[in-house]
Amino acid sequence: MNIRTVPFDHPDAVKLSDQVQLEYVERYGDGVGDATYLEPAMFQPPRGLYLIAYDERDRPVATGGWRSQEENDEGYADGDAELKRMYVIPEARGRGIARRVLALLEEDARAAGRVRMVLETGDMQPEAIALYTSSGYEPCAKFGYYRDYDSSRCFAKPLSDR
């Protein structure tokens with residue numbers, strides 16, 4: 001497994017993002033996917049990071065990123081790092097790839113001075129919820145684009161002892 005830092009608009013990132021969007025449509029049936037506004041600059045170090053995991057044949061199999069957030073009217077707090085676009089292609093699931101990507105993202109956000117990692121997922125993604133809760137994430141007040149949706153589930157994990 002080779003995990004690389006890439007721009008959010010890298011062709012492999014776009015391909016995996018398209019795949020995760022299709023999965024959201026399958027799971028939630030709304031025909032839309034995730035409508036959260038994202039742009040490549042949000043994931044540029046030191047205010048963010050975007051990773052892609054490649055398998056032994058150099059195929060992109062997983063993705064994930066974080067972006068900085070500060071207190072605002074969408075429920076974020078100063079020092080937040082928001083996890084975005086965590087995804088593993090179906091045929092690569094169950095190998096611990098998402099856990100490795102998550103650990104690298106947490107490490108990078110901590111090094112960048114972020115104090116809390118936050119994420120939003122949905123009630124139709126039990127595998128994601130299991131990953132996050134087993135990695136030390138706890139339910140938190142809702143935030144972000146989907147904060148008013150009943151199916152939204154928000155989680156947070158401190159990144160420092162401060």
Side-chain angles (χ1 to χ4, degrees), residues 1-28 30-93 95-114 116-122 124-125 127-128 131-132 135 137 143-147 149 152-157 159:
M1 188 64 45
N2 181 1
I3 301 175
R4 302 177 203 153
T5 300
V6 299
F8 181 72
D9 57 356
H10 183 281
D12 291 337
V14 172
K15 176 183 173 184
L16 290 171
S17 182
D18 289 347
Q19 289 178 17
V20 73
Q21 292 288 16
L22 289 173
E23 186 158 328
Y24 294 152
V25 170
E26 279 180 28
R27 289 185 185 227
Y28 295 96
D30 62 9
V32 177
D34 182 354
T36 304
Y37 175 74
L38 300 174
E39 64 181 52
M42 294 174 174
F43 297 92
Q44 291 177 345
R47 306 249 334 128
L49 182 72
Y50 206 75
L51 301 174
I52 295 181
Y54 292 86
D55 69 10
E56 59 283 346
R57 296 192 318 209
D58 208 37
R59 293 177 304 178
V61 296
T63 185
W66 71 267
R67 63 180 180 161
S68 295
Q69 293 286 1
E70 303 303 338
E71 185 175 356
N72 63 33
D73 62 356
E74 288 189 354
Y76 296 97
D78 286 343
D80 279 352
E82 183 184 17
L83 195 64
K84 295 302 295 179
R85 292 297 187 265
M86 285 289 294
Y87 178 69
V88 179
I89 64 172
E91 55 270 28
R93 293 179 184 166
R95 297 188 211 161
I97 299 168
R99 195 170 299 280
R100 288 177 58 195
V101 170
L102 180 61
L104 290 170
L105 293 170
E106 290 174 351
E107 181 182 311
D108 187 74
R110 185 179 301 108
R114 302 280 94 190
R116 181 176 81 145
M117 185 71 86
V118 298
L119 66 96
E120 187 273 335
T121 190
M124 300 298 286
Q125 295 168 261
E127 309 90 341
L131 168 69
Y132 300 131
S135 298
Y137 287 79
F143 60 85
Y145 185 86
Y146 291 100
R147 66 190 175 280
Y149 285 67
S152 174
R153 302 292 181 264
C154 292
F155 295 86
K157 177 181 177 178
L159 294 175

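Distance CD1/I3 to CZ/R100: 4.5 Å, rounded to 0.5 Å. Rounded to the nearest 0.5 angstrom, W66 CH2 and M117 CE are separated by 7.5 Å. Here the OG-CG distance, from S17 to L22, works out to 9.5 Å after rounding to the nearest 0.5 Å. Taken to the nearest 0.5 Å, the OG1 atom of T36 stands 7.0 Å off from the CD atom of E82. Atom CZ in R93 sits 11.5 Å away from atom CZ in R95 (nearest 0.5 Å). If you take CD on Q69 and CZ on R116, they are separated by 10.5 Å, rounding to the nearest 0.5 Å.
When only modelled atom types and interatomic distance are considered, Q125 and Y28 share a side-chain donor-acceptor pair under 3.5 Å.
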Exercise. For Y87 and E23, run side-chain contact (heavy atoms from CB on, under 4.5 Å): C-alpha distance rounded to whole Å, both residues' side-chain angles, the deciding distance at 0.1 Å, then the answer.
Key: CA-CA 10 Å; Y87 178 69; E23 186 158 328; 3.4 Å; yes
Solution key, residues 44-55 side-chain donor-acceptor pairs under 3.5 Å, sequence neighbours excluded:
unit_1, atom_1, unit_2, atom_2, d
Y50, OH, T63, OG1, 2.8
Y54, OH, D12, OD2, 2.6
D55, OD1, R57, N, 2.9
D55, OD1, D58, N, 3.1
D55, OD1, R59, N, 2.9
D55, OD2, R59, NE, 2.7
D55, OD2, R59, NH2, 2.5

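In this structure, S135 and R99 have side chains that are in contact, with non-hydrogen atoms separated by less than 4.5 Å. Residues F43 and K84 form a side-chain contact, since some pair of their non-hydrogen atoms from C-beta on lies under 4.5 Å apart. Contact annotation: the side chain of N72 never approaches that of F143 to less than 4.5 Å [non-hydrogen atoms, C-beta and beyond]. By the 4.5 Å heavy-atom criterion applied to side chains, M1 and V61 are counted as neighbours. Contact check for L38 versus R67: side-chain heavy atoms found under the 4.5 Å cut-off. Between D34 and R85 the shortest side-chain heavy-atom distance falls below 4.5 Å. Proximity of V20 to L16: side-chain heavy atoms (C-beta onward) are nowhere separated by under 4.5 Å.
With ring centers used as reference points, Y137 lies 6.0 Å or more from F155.
Closest of all the heavy-atom pairs between G65 and L105 is N-CD1, 3.6 Å. The two residues Q19 and I89 make their nearest non-hydrogen contact at OE1-CG2, 3.2 Å. Between A109 and L159, the shortest heavy-atom distance links the atoms CB-CD1, 3.8 Å. In plain terms, the two heavy atoms of E120 and S152 that are nearest each other are OE2-OG, 2.9 Å. The heavy-atom pair separating I97 from A62 by the smallest distance is CG2-CB, 3.5 Å.
Ring geometry for Y149 versus Y146: interplanar angle over 60°, hence perpendicular rather than tilted (30 to 60°).
A salt bridge between R114 and E70 is present, with a side-chain N of the basic residue lying under 4.0 Å from a carboxylate O of the acidic one. Ionic pairing of E127 and R27 is present here: one or more N-O contacts between side-chain nitrogen and carboxylate oxygen are shorter than 4.0 angstrom.
In terms of the salt bridge (charged side-chain N to carboxylate O under 4.0 Å, His left out) criterion, residue partners of E106 (sequence neighbours excluded) are, by chain and number, K157.
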